[in-house]
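Residue numbers start from 1 in every chain, and the chains themselves are labelled A, B, ... in the order their sequence lines are given, proteins ahead of strands.
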Amino acid sequence: MYEHDVIVVGAGGAGLRAAIAADEAGADVAIVSKLHPVRSHTGAAEGGINAALRDADSWEDHAYDTMKGSDYLGDAPAIETLCQDSPYEVIQLEHWGMAFSREEDGRVSQRPFGGLSFPRTTYAGAETGHQLLHTLYEQLVKRGIQVYDEWYVMNLAVTDEERPEDRHCHGVVAYDVQTSEVAGFKARDGVILATGGPGQAFDHTTNAVSCTGDGQAMAYRAGVPLEDMEFIQFHPTTLPSTGVLISEGVRGEGGILYNEEGERFMYERGYANNDGELASRDVVSRAELTEVNEGRGIEDEYVHLDMRHLGEDRIMDRLENILHLAEDFEGADGIEEPMPVKPGQHYAMGGIETDENGETCVGGLYAAGECACASVHGANRLGGNALPELIVLGKRAGYHAAGKEIEEAKVETGKRGEYETATIDSPVELGEGGSPGDAVADGGAVAAGGSADPDTLLEQTVESERQRVDELQSGEDGIHHSEVRSKVQETMTDHVNVFREEEGLKQALRDIREARDEYENVRVMDPSKTFNTDLLQTIETQNLLDLAEAITVGALARKEFRGAHWRAEAQERKDDEWLKHTLLSWNDGSPELWYRPVILEGENKTYEPKVRSY
Amino acid sequence: MSQSYNRGLIEDFGRWREFSAGMWAWIFHKFTGWVLVGYLFTHIAVLSTSIPASAGETVVYEGTQVDVYTGTIVALESLLVVRILEVGLLAVAVFHILNGLRLLFVDLGIGLESQDKSFYASLILTGAITVASVPTFIAGAF
Amino acid sequence: MAEHYSSFTKGGRLWLWQRITAAFLVVVLAFHFFLLHFVYHADEVTFALSQARMETLTYYSLMILFLFTATFHGVNGVYNALVNQGLTGTKRQAVKWTLVAASVVLLVQGVRTANAWAGFTTFF
Amino acid sequence: MSTQPPQHEHEESPADGVDDAESTPPAQQRREDAKADKRSRDAQRQAEADDAAKRDEPTRHIKVFRYDPEIEGKQEPRFDDFHVPFEKGMTVLDALIYARDQYDPSLTFRHSCRQAVCGSDAFFVNGDQRLGCKTQLSELDDPVRIEPLPHQEVVKDLVVDMDHFYEEMEAVDPYFDPDETPDGELEEQRQSRENREKVKMSTRCIWCGACFSSCNIAAGDNQYLGPAALNKAYRFAMDDREGESRKTERLETIEQEHGVWRCQTQFSCTNVCPKDIPLTEHIQELKREAVKKNLKFW
Ligand SMILES: Cc1cc2nc3c(=O)[nH]c(=O)nc-3n(C[C@H](O)[C@H](O)[C@H](O)COP(=O)(O)OP(=O)(O)OC[C@H]3O[C@@H](n4cnc5c(N)ncnc54)[C@H](O)[C@@H]3O)c2cc1C
Ligand code: HEM
Ligand code: SF4
Ligand code: F3S
Ligand code: FES
């Protein structure tokens with residue numbers, strides 16, 4: 001067993017920032033990550049980091065934009081914290097040497113971004129995430145913080161009191177990918193989950209293969225509620241075969257979208273008569289899909305993004321990177337031909353419910369980054385607002401876990417304060433489907449008795465995870481997890497995509513149920529104990545099952561159109577009824593739905609919901 | 001613990017087919033350098049016969065009495081192998097010089113983008129110079 | 001590898017000297033080749049001719065310098081090549097001193113030869 | 001954890017050359033059976049793909065290096081052939097994923113981002129170090145030979161041990177460490193555009209290890225810092241924000257025995273770098289900087 005004060009799970013931007021903060025606060029901290037830190041998906045971020053750095057700008061304006069962008073589903077205290085701290089954190093990165101693009105006078109460059117009232121997106125070329133990730137990792141090396149890389153965290157060691165609010169997290173159990181050793185990592189002060197998004201629940205995504213939402217699934221099964229899972233952002237221009245992102249910059253420079261008939265549909269079909277291709281992400285995504293659904297897509301799949309008319313010089317000057325991406329990943333030459341694009345899953349606004357200090361309702365358990373939901377993005381994330389979330393909330397989680405005094409959180413977690421319960425209208429049984437208590441099979445919180453001491457708890461969890469590994473690797477001939485996974489991914493992309501309607505969502509729940517049943521027979525085909533990726537992916541697939549279900553349940557319950565969530569039955573925002581967060585608790589295997597009102601009261605003012613138009 | 005498989009040196013060198021210009025240049029430069037050192041040693045050894053020569057030692061060469069040095073050199077130079085080896089030496093030296101110049105430019109940071117072209121140029125020039133000098137080298141050998 | 005190294009500039013100095021000698025050698029070697037194969041043909045070489053050239057002090061000094069630079073350049077090149085292939089520890093020391101010894105022999109013998117022509121008997 | 005269940009040990013050395021079924025642990029027996037079963041299924045799938053090939057649907061032939069230290073039949077390194085249906089835009093990584101998910105789930109390789117930023121999937125493809133995700137199959141001749149990176153030990157299939165590479169990267173103090181930091185929390189360290197431009201390419205390294213694997217010197221001298229680490233040193237030494245005294249220290253680090261002087265300007269690192277970093281140029285510039293610094297002292 002390994003033991004540290006603070007254990008950080010995940011080494012993307014959020015995890016690294018949290019570890020550095022915990023180290024600064026004097027804690028003995030270690031990171032456990034299934035990938036080497038520099039392989040984390042934060043490295044893929046292109047656009048930039050929002051921060052009110054200039055005199056003419058203010059954090060209040062940033063907060064206002066963020067609240068408006070969230071379609072009034074963000075919590076004001078969290079949003080204000082984000083916007084107040086972001087400038088300090090960005091300059092901190094600058095002090096750590098991050099290679100930002102520069103102005104003539106030597107200051108860091110900022111550019112305009114969708115939904116922002118001031119050009120406050122601080123950037124480093126078109127590779128901001130790469131620069132951020134590497135800068136943070138360098139600081140980690142400087143401080144000599146221990147990293148257990150290529151260790152896959154399988155479960156949390158959480159006590160099993162009746163109410164999640166009484167439970168406590170004492171550490172994690174991880175699997176060493178190189179040797180297949182299963183070991184306990186005891187955390188004396190706290191565990192911080194920073195495992196990134198669940199993009200792999202969809203079959204077409206800009207997210208990495210490693211984005212399987214493990215942290216969300218583990219926290220969920222340990223009793224922590226998942227918040228606002230139905231809000232998934234789809235990016236309108238991704239390459240069809242790989243999901244690689246083609247930056248909004250192409251449309252910004254004048255790129256045009258065409259359907260199979262050669263129509264500039266954004267105008268000709270009246271999707272956005274003013275802004276055309278430059279309308280907001282959700283509008284363009286919906287337009288593209290409508291074209292495809294009505295038979296005007298190319299190969300029934302995608303539309304064309306054409307930038308040939310910009311001319312080779314301008315393309316080379318401002319969009320060179322895009323040429324490489326289209327060439328390398330789609331075999332398309334952007335100078336000679338239009339590039340195929342279609343909407344792809346991009347970001348999950350929801351996640352593990354936390355407050356603005358990263359704390360969950362389970363004692364000693366924190367979450368930060370894309371896996372968490374302190375609710376800074378609400379129903380829709382603005383471009384450039386995820387990276388500040390990593391560094392601001394990552395740092396706060398690190399400090400808090402290490403016991404450093406910081407302001408008390410205003411956002412509440414767990415079933416405390418004001419909330420209402422609800423029932424789920426599902427066509428099939430959800431969750432574990434009648435086998436609760438089978439700790440090994442469900443991979444949930446271990447029945448260790450609430451009073452067990454941390455060491456025993458950890459050892460028992462290790463033992464049950466070890467059994468899980470053995471069981472997955474033995475047994476009779478079964479099906480391969482990839483069949484289950486593609487079933488889930490396909491149904492999610494067919495039914496829980498940009499367009500959502502009741503029947504489709506129910507179909508998705510049925511498919512997920514079926515996939516869950518199939519998963520009962522899943523078996524790892526590779527018997528090896530060395531670098532067994534088959535085993536890891538099989539476990540990840542189970543996580544995706546739980547998360548896909550949570551996303552779909554939320555989407556089915558929310559009968560309104562808000563931010564990224566569109567419903568055929570109710571194509572408008574309903575503030576009287578739906579100014580509330582969707583929460584889903586695992587409840588030992590049978591998901592329970594409840595709601596909590598959105599906090600619109602900020603430090604100095606209350607945000608009044610307005611119509612979101614740009 | 002997992003073990004791992006070390007593919008060893010054999011495989012490294014088995015990859016020569018996949019080498020690129022810069023690697024070939026490196027190998028050739030190394031080879032020619034070593035040949036040149038080897039020659040330097042032999043060269044001095046042969047030339048050393050001038051020491052006894054200066055002390056008046058002589059040998060009989062084709063019936064005439066000459067000093068050891070002249071005798072040795074003339075004897076060697078009359079052998080065809082030696083002449084051929086000398087042409088080889090020239091090729092080696094010319095390549096080493098040309099590629100050496102190329103490397104000096106690379107060290108100065110000049111023309112790095114065309115490093116492969118300058119390597120091919122060195123090869124071709126070496127060939128040309130060598131061929132052009134064959135008559136001179138062979139002259140009088142028969 | 002993680003430990004810190006103290007300033008070890010010797011590598012840099014040798015590296016620089018390798019380039020300096022190379023630059024010098026380009027000129028001298030070309031001259032040497034030209035003189036001995038094109039101006040005078042190889043089969044015309046005789047003791048007397050060499051003697052005539054060596055007796056000029058400039059030629060003599062040039063040849064001595066040629067000998068020293070070529071020896072340094074060649075031997076240092078060989079040493080470097082071996083080090084690049086990961087030669088370390090005692091083996092490396094052994095190779096180093098063998099090379100030094102060989103160089104010394106070469107230089108001594110070379111100078112003696114030149115002296116024989118030039119008619120110096122003083123040095124060795 | 002030291003308390004491993006006993007039967008665990010047993011399973012680590014499969015069969016141990018013992019033939020009679022009685023002595024084989026049941027779990028393992030099941031596994032063997034399943035394996036045989038799977039093999040036949042693989043064969044069937046492969047046959048389908050072959051059929052597809054005959055029917056003239058485009059397929060591509062890949063030959064993949066296989067090795068697993070503890071699985072019988074894989075202990076001796078070998079190549080496996082897969083025929084994957086070809087689609088426009090398909091990359092080497094896509095082909096591997098297809099082969100794994102459709103034919104052989106035990107085929108192992110690292111990959112994550114699929115867009116050339118995570119640096120996980122550098123392989124030796126038809127004789128060159130390349131990122132699987134950034135290499136279009138259409139550029140390559142059949143059969144496409146995919147091997148693990150040369151000069152690194154193979155853990156399994158296409159997975160190599162990267163520890164040595166990481167050690168070298170970390171040996172050059174790869175972090176920003178300025179002589180002084182601005183007082184104000186919101187005060188930036190100014191940097192000119194030219195200076196940012198100078199270090200820009202060097203900051204793009206994704207730690208894929210392709211360059212290191214391609215370098216003959218790194219193969220021969222195990223302690224050679226290698227192109228990627230030297231490039232990392234360049235990234236900081238050339239950044240004006242760090243200051244002169246740190247730069248001098250950095251030059252001392254890269255001047256050590258196994259530092260810049262080992263580079264023989266073979267250029268293969270520059271040729272293979274998927275991020276187009278001019279590695280040789282950076283190394284050469286460091287050599288000149290080091291010489292200049294030393295000349296000052298003489
Ligand atoms: C293509 C793209 C472009 C983007 N551009 C922008 C942009 O311009 N601006 C912006 O603000 N945002 C952008 N985003 C969003 C932003 O990049 C992500 O939300 C953010 O990087 C997520 O960071 P993270 O630290 O939460 O997770 P990640 O960076 O995904 O890291 C997750 C970490 O968790 C580890 N991990 C996961 N599961 C386990 C497990 N079971 N055991 C152990 N370790 C585990 C992984 O190894 C990894 O280290 C973009 C996203 C994408 C995909
Ligand atoms: C005439 C001009 C010459 C030039 C321009 C020249 C240039 C060079 C250069 C630049 C190198 C360094 C290569 C490196 O370290 O990357 C080198 C190496 C070497 N040179 Fe020369 N050289 C010349 C003549 C000679 C001569 C006359 C000899 C023989 C005595 C010689 C023997 C060597 C050897 C042995 C090496 C090492 C090769 C290796 O790396 O294995 N060179 N030369
Ligand atoms: S320098 Fe290039 S090849 Fe080398 S590790 Fe970095 S990205 Fe890969
Ligand atoms: S391949 Fe090696 S020798 Fe130098 S130029 Fe690159 S580091
Ligand atoms: S998969 Fe990330 S670099 Fe290829």
Side-chain angles (χ1 to χ4, degrees), chain B residues 9 26 29-55 58 66-78 82-83 86-87 89-90 93-94 96-101 103-104 106-108 129 133 136-141, chain C residues 15-16 18-23 25-27 29-30 32-34 36-39 41-51 54 63 66-67 70-71 73-81 84-86 99 102-103 105-121 124:
Chain B
L9 222 62
W26 175 73
H29 197 81
K30 192 173 277 283
F31 173 73
T32 54
W34 285 67
V35 170
L36 287 174
V37 197
Y39 178 70
L40 182 61
F41 277 84
T42 349
H43 196 47
I44 295 295
V46 172
L47 296 185
S48 301
T49 51
S50 69
I51 300 170
S54 70
T58 56
V66 291
D67 62 273
V68 241
Y69 174 74
T70 315
T72 317
I73 301 284
V74 173
L76 282 174
E77 292 291 345
S78 65
V82 173
R83 292 306 183 95
E86 272 186 354
V87 175
L89 180 70
L90 179 82
V94 170
H96 193 89
I97 294 177
L98 293 177
N99 192 57
L101 285 169
L103 289 177
L104 289 178
V106 166
D107 288 330
L108 293 172
I129 293 180
S133 60
T136 327
F137 272 75
I138 303 297
Chain C
W15 179 84
L16 186 58
Q18 184 79 356
R19 323 280 123 173
I20 294 173
T21 50
L25 284 170
V26 179
V27 184
L29 193 65
H32 184 69
F33 251 92
F34 197 69
L36 294 176
H37 288 275
F38 295 86
V39 178
H41 283 222
D43 55 341
E44 299 159 10
V45 173
T46 62
F47 183 77
L49 269 173
S50 301
Q51 191 169 34
M54 274 299 176
M63 286 302 112
F66 184 22
L67 174 68
T71 309
H73 181 95
V75 171
N76 185 51
V78 167
Y79 177 64
N80 251 323
N84 285 336
Q85 287 311 304
L99 285 175
S103 314
V105 171
L106 186 74
L107 291 174
V108 169
Q109 190 67 6
V111 171
R112 283 179 63 210
T113 309
N115 287 350
W117 276 312
F120 297 145
T121 43
F124 299 102

Engineer: Main chain of C:A118, side chain of C:Q51: is a donor-acceptor contact present, judged purely on distance under 3.5 Å?
Structural biologist: no

Engineer: For residues B:A53 and B:D67, report the shortest heavy-atom separation together with the two atoms involved.
Structural biologist: CB-OD2, 3.8 Å

Engineer: Could you tell me the separation between the CG atom of C:L99 and the OG1 atom of C:T71, rounded to the nearest 0.5 Å?
Structural biologist: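 It is 12.0 Å, given to the nearest 0.5 Å.
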
Engineer: Roughly how far, to the nearest 0.5 Å, is NE2 of B:H96 from CZ of B:F31?
Structural biologist: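 Going from CZ on B:F31 over to NE2 on B:H96, the span is 12.5 Å.
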
Engineer: Check each atom of C:A102 against the heavy atoms of chain B and say whether the ones under 4.5 Å are side chain, backbone, both or neither.
Structural biologist: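 Both backbone and side chain of C:A102 come within 4.5 Å of chain B.
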
Engineer: Checking C:F47 against chain B: side chain, backbone, both or neither under 4.5 Å from a heavy atom?
Structural biologist: both

Engineer: Would you say the side-chain atoms of B:R83 pair up with the backbone N or O of B:S78, donor to acceptor, closer than 3.5 Å?
Structural biologist: no

Engineer: Measure distances from B:F41 to the heavy atoms of chain C and classify the residue's part below 4.5 Å as side chain, backbone, both or neither.
Structural biologist: both

Engineer: When only pairs under 4.5 Å are counted, which of B:T70, B:V66, B:V68 shares the most heavy-atom pairs with chain C?
Structural biologist: B:T70

Engineer: Below 4.5 Å from any heavy atom of chain C, which atoms of B:L90 appear? Answer side chain, backbone, both or neither.
Structural biologist: both

